[in-house]
Structures are given as structure tokens and as C-alpha cells.
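Contents: one structure, followed by commentary.
Computed over heavy atoms, backbone and side chain alike; hydrogens, waters and symmetry mates excluded. Source: prediction; values computed, not measured.
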Amino acid sequence: MASFRRWFLTALAVSSSTSNVFGALVQKQGLQLPANASTYRDAAQKLFTNSYQAYKDYAWGHDDLAPMSKGFVDSRNGWGASIADAMGTMYIMGLTDWFEEAVNHTASTDFTKTNNTVNLFETTIRYIAGFVSAYELSDQKYPVLIQKAQELADHMAYAWVGNNPIPYNVIDFSKNASVPGSTGIAAAGSLTLEWNLLSKYTNNDTYRVLGEKPVQHIMNLPNPPLPGLPGQGLDSSSGQSTNKYVTWGGGSDSYFEYLIKYPRLTNTDDNSYTDAWLTAVDSSVRELLKTSTVGSHLYLADYDDDKKIRHVGSHLACFYGGNWILGGKMTNNDTLVNYGLQLTDACWNTYASTVTGIGPEYFAFESSDGTYTGGSAPDANATAFYNKHGFYITGGDYILRPEVLESNFYAWRATGDMKYLNNAASAIKSFQDYLTATVAYTGIADVNAKGSDKYDDMESFWFAEVLKYLYLTFDDPNHISLDEYVFNTECHPFKAPAAKAMYGST
């Protein structure tokens, strides 16, 4: 792996200018906001307060963990994830009354009392992360938050059975037993940040060991479809891959995301995480990085079980722009940063190209390398849309996802380019115009129709991610700096130590 990294850095240096980044500084130094930034910051906060007030009015107190595969709240259902997901955003926005109310509610709620099954991944990234992040943000004033996180983790630890390195993703809390079933590399491989911090604050290293175990196993799976790029599915009982489908999208996404974030959060001397991320990125550059024939938009294609490149994209996958910006800065490589910026711009194009100014769930491209998507060929309307915009929509709904705005936030903080502020301002306006429901905000069925049908739910990641990323984009760059915090995949910020001078093997 060390020899690979030397080769990789040398190869990229051919096309990389000398970087002025050292010690993994991510944010542009001396970054300044324009005078009108506070207007948009306040607008993002207003979206949050309207949304959370509706949650309090219509859904407060429904704290069952069962729906964590979706995690939605609406006038019929309200889940504790909304409180856990919202607390950090409240604190960052200075909504201290609501924050303390949420802490008090958390303290008086036993989240482990449920007769339903619980999702290991979703409960980790929303509940455990939300509680630990709120504990840190509030200067460790509320130890009950760690207590509640630990109570959940102690039940969730039953996901690991015997010596199996891969946990089952579903646990029956009433029986303290896992539920057999398959899982994915994202679900099993995205526990390191949260479970490491839980060990730190409980002085119990068991949680860290459990969180690291599946990642180490996945990194060392034999014969991956592409170097550093394991197949998406896993058999929890055997630990082996169940398919050879490679994607940076859903089911795989946060495994790759955490490979580079974990060493930044912990400054671990174990270089295997950064090296695995670099291997994955190198394979992606060589095999998956494609350019659309219209507009020259950069994207990461999928690679399927039949070893075919699928020229597809998704809102979920659009986190990769910000992830490559972060990893490029950490490894002092401008080429990766520039790729990340281009990937971010291509994802933003999916917003800029629709009549609502909001991006779709799924889309596809045509490249000089091919047009195969694994589905039907585009019809005349899709072809016309592609010829104008450089992509076409294959799934037109929007369910309040954050990833495009997430990468846009990283791009702003890393470059100071005003276009990223303009993007965020445009998103706020579109959300106000097209997502407003009777009492709050909701997803829509067709981003390319002004009169689209609306869904009757409001995802908790609307609180945790979308509105936090928008708020921070227009907030003081020194507040929750990317050089001082690492965000989990649900946008819960964790306090990070000063960066090392180098990440990965020499």
C-alpha cells in the first residue's frame, strides 16, 4: 500500500500545481462573507424554525426507533430521530431554549424500550451521532447525552455475533438479538466516527473496536471488483461480498466517506484508512471518472456485476465532490481537490437545469466512453433534455436530500468562490417556492414540474443536514470550521484535533 501511495502521488503530481496547503488545512485562509450573507443565513434559520415548530405541533413525543430505515416525520408520525438530528442544528443556530428542551426530553426518554426492530446504521448516524455532537457543541454540559448514546450502543452491540466482523444491520431490542440478513458496505463500514467517540467519552474501548472491525474487514476483502472498490453487498454471517456492484452512491457511499474522515477525526497512526481511500480514488479516476459529451460534466459512473460501466448518477452520490475536496486537502493534492470541485459543479448542474431549481434523485449521462445505464434507452424527451443540459432525469423526485448542498458547502469553504454562495442562495429560494406544505416543508414528486405533487413527510435529515449546511454556508467561516470539525454522514459535527502534517503512508 505504501508503494501505491508513492506512485499515486507521483502520477498526480504530473498534472498538479504546487499546493499551498500544508497540515491538511481545508478552508481558504482569510475567507470573507459578502455583506448580504446574513440575509440568507437568517432565511435558512427561518426554514428550520418553521419546520421544527411544525414537528413540535404535530409529531412531538413519538420516539419509537423502528422507522429508522426512513426516519420521516409528518402530521401522522414523529420519531425521536428528529430530536436527535435537530439538536446540533439548534445549538449552532443559537436556539438555546429549544436545545435545552430537546435535551430534557432526551433525558426523560428511554429510547431502548421498543417492541420493533432497530436499524444499526441509521440509529448510529442519527441518534448516537446527534447526542455525541450535541454534547461536544454544548461544551460537555449535559452528560446525559452520552448516557443515552451508551444505552443505545449497548443494545446495538448485539448486532455483532460471535467472531463475525460484519454486524447484522437489524437488532431486536426486546430480545437483545440481531436479526439475520444481508447488509452493505455503507451500513457496516460507517460506524467508526461515532463509536470511537463513544469510547472516548465512556472510557470503554469496546465501542471503538466494534466500529473499526467491519471497516478493516471490508478493506481487506480478497479480489474486489476494482482495487480499493469492494462490491456493494455483504453477507453478515460469512463476511463475504454478495455482489460485485461498485458505486459511490447509496449502499456504498459513507464507507468511502468515512475512510478519509476517520483518520482526520482521530489522527490515528494506522495509515490503512487513508491508504484505502487513496486506492479507491485512484481506481475511480482510472475506471469510473467520466465526462459528459454535452457540457463536459465530470461524474463517477457505476461498475456492475457484469463488469459494465453504467453512466448513472444520483443525489446520494453527490457527496463525493465534498469528500474529494476534503481528502485532496488532507493529502495535499490539488488534482484531487480540482476533481472534487468539478464533480460538485456537475451535481449542481442537476439543480440549475430543472424548472424548480432543485435536483432529482436519479439521473444519467452520455459519455464518449459509452451510454449504457442498465435501464432503457432515453426517449425523445430525455434526449432533448440531455442535449440541452448534459444529463437526463431517470428519477425525478426530491425527498429533502442534502448531498449537493453538502459538496457546495465544502467547495465554498475551500475556495471562497462566490458562485457557491449563489448556488446556496438559489436553493433557499427554490425550497421556499416549491417545498412549502400546509405546516412545514416536504419533498416533491417531480423536480421538473412547477405544479408537482408533494409528499406528506419531512425527513429528519432536513433538520440535520440540509438546513445546517445552508446555514453554515452563510455563517462566519470560523464558526464550525472544516479545520476544527469533522462532519459525520448526517452532518453532525465532531470536534477534531489539530491536523497532522501528513495522512497516509510515506
Side-chain angles (χ1 to χ4, degrees), residues 44 70-71 85 89 121-122 125-126 129 184 186-187 190 193 232 247-261 284 288 297-302 312-327 339-354 356-365 391 393-414 420 423-424 426-428 430-431 435 443-444 447 459-473 482 486-493:
K70 283 289 288 182
D85 262 354
T89 309
F121 169 71
E122 298 288 357
I125 67 169
R126 302 182 195 225
S190 308
L193 303 183
Q232 189 177 47
T247 179
W248 282 72
S252 300
D253 43 8
S254 51
Y255 164 72
F256 299 117
E257 177 185 359
Y258 277 30
L259 285 179
I260 195 66
K261 287 185 173 181
S284 299
L288 306 181
H297 299 296
L298 206 65
Y299 62 96
L300 293 181
D302 288 0
V312 295
S314 68
H315 202 295
L316 274 170
C318 280
F319 87 96
Y320 51 41
N323 189 248
W324 284 33
I325 292 169
L326 173 66
Y339 280 149
L341 293 171
Q342 291 178 69
L343 291 167
T344 298
D345 290 345
C347 284
W348 177 255
N349 181 56
T350 69
Y351 273 56
S353 300
T354 69
T356 63
I358 301 171
E361 181 78 352
Y362 296 108
F363 41 93
F365 301 91
F391 76 99
I393 297 170
T394 57
D397 56 329
Y398 174 70
I399 61 167
L400 310 181
R401 290 212 188 274
E403 291 78 16
V404 174
L405 297 172
E406 171 185 355
S407 290
N408 190 76
F409 166 69
Y410 278 86
W412 158 248
R413 288 282 185 95
Y420 299 112
N423 292 347
S426 174
I428 289 173
S430 292
F431 293 164
L435 304 185
I444 54 177
V447 296
E459 298 273 358
S460 74
F461 49 69
W462 171 251
F463 297 136
E465 300 188 72
V466 175
L467 301 181
K468 190 185 292 147
Y469 281 127
L470 283 173
Y471 182 90
L472 288 175
T473 299
L482 289 173
V486 171
F487 290 87
N488 91 321
T489 195
E490 193 79 358
C491 193
H492 294 299

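Judged by distance alone, the side chain of T89 and the main-chain N or O of F463 form a donor-acceptor pair under 3.5 Å. Using modelled atom types, one side-chain atom of T354 and one backbone atom of I358 make a donor-acceptor pair closer than 3.5 Å. Counting only distance, with no hydrogens or angles, the side chain of K261 and the backbone of L193 share no donor-acceptor pair below 3.5 Å. Formation of a donor-acceptor pair under 3.5 Å by the R413 side chain with backbone atoms of L472 is found in this model. Looking at T473, its side chain does come within 3.5 Å of a backbone N or O of Y469 through a donor-acceptor pair.
Within the 4.5 Å cutoff, the side chain of E490 has heavy atoms near those of the S460 side chain. Under the 4.5 Å side-chain criterion, counting only non-hydrogen atoms from C-beta, W348 is in contact with L405. Side-chain contact between S407 and I325: absent, with no pair of heavy atoms (C-beta onward) separated by less than 4.5 Å. Using a 4.5 Å heavy-atom cutoff, the side chains of C318 and R401 are not in contact. For the pair P360 and V447, the minimum side-chain heavy-atom distance is below 4.5 Å. By the 4.5 Å heavy-atom criterion applied to side chains, L482 and F487 are counted as neighbours. In this structure, S284 and W324 have side chains that are in contact, with non-hydrogen atoms separated by less than 4.5 Å.
When all heavy atoms of A317 and G249 are compared, the pair lying nearest together is CB-CA, 3.7 Å.
How far CZ of F461 is from CD of E122: 8.5 Å, rounded to the nearest 0.5 Å. Here the OG1-CG distance, from T247 to L300, works out to 8.5 Å after rounding to the nearest 0.5 Å. Rounding to the nearest 0.5 angstrom, the gap separating the CG atom in L341 from the OH atom in Y420 is 4.5 Å. Atom-to-atom distance recorded for Y410:OH and F319:CZ is 10.5 Å, nearest 0.5 angstrom. From E257, atom CD reaches atom OG of S252 across 12.5 Å, with rounding to the nearest 0.5 Å. One finds the CZ atom of F121 at 8.0 Å from the CZ atom of R126 (value rounded to the nearest 0.5 Å).
Applying the ring-ring contact (aromatic ring centres under 6.0 Å, His included) rule to F431 yields the partners Y398, W462; only residues at least two apart in sequence or on another chain are considered.
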Check the pair V486 / L326 against side chain to side chain contact (heavy atoms under 4.5 Å, CB included), numbers first and verdict last.
-> CA-CA 10 Å; V486 171; L326 173 66; 5.8 Å; no

Go through the steps to decide whether Y258 and N488 satisfy the test side chain to side chain contact (heavy atoms under 4.5 Å, CB included), and finish with yes or no.
-> CA-CA 8 Å; Y258 277 30; N488 91 321; 3.2 Å; yes

Yes or no on side chain to side chain contact (heavy atoms under 4.5 Å, CB included) for Y320 and Y299, after CA distance, side-chain angles and deciding distance?
-> CA-CA 9 Å; Y320 51 41; Y299 62 96; 4.0 Å; yes

Check step by step if side chain to side chain contact (heavy atoms under 4.5 Å, CB included) holds for Y339 and T344.
-> CA-CA 9 Å; Y339 280 149; T344 298; over 6 Å; no

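When only modelled atom types and interatomic distance are considered, D85 and H492 share a side-chain donor-acceptor pair under 3.5 Å. Side-chain atoms of S254 and S190 form a donor-acceptor pair, as typed in the model, at a separation below 3.5 Å.
Using cut-offs of 30° and 60° on the angle between ring planes, the pair F365 and F363 is perpendicular. Below 30°, between 30° and 60°, or above 60°: for Y351 and H315 the angle between ring planes is between 30° and 60°, a tilted geometry.
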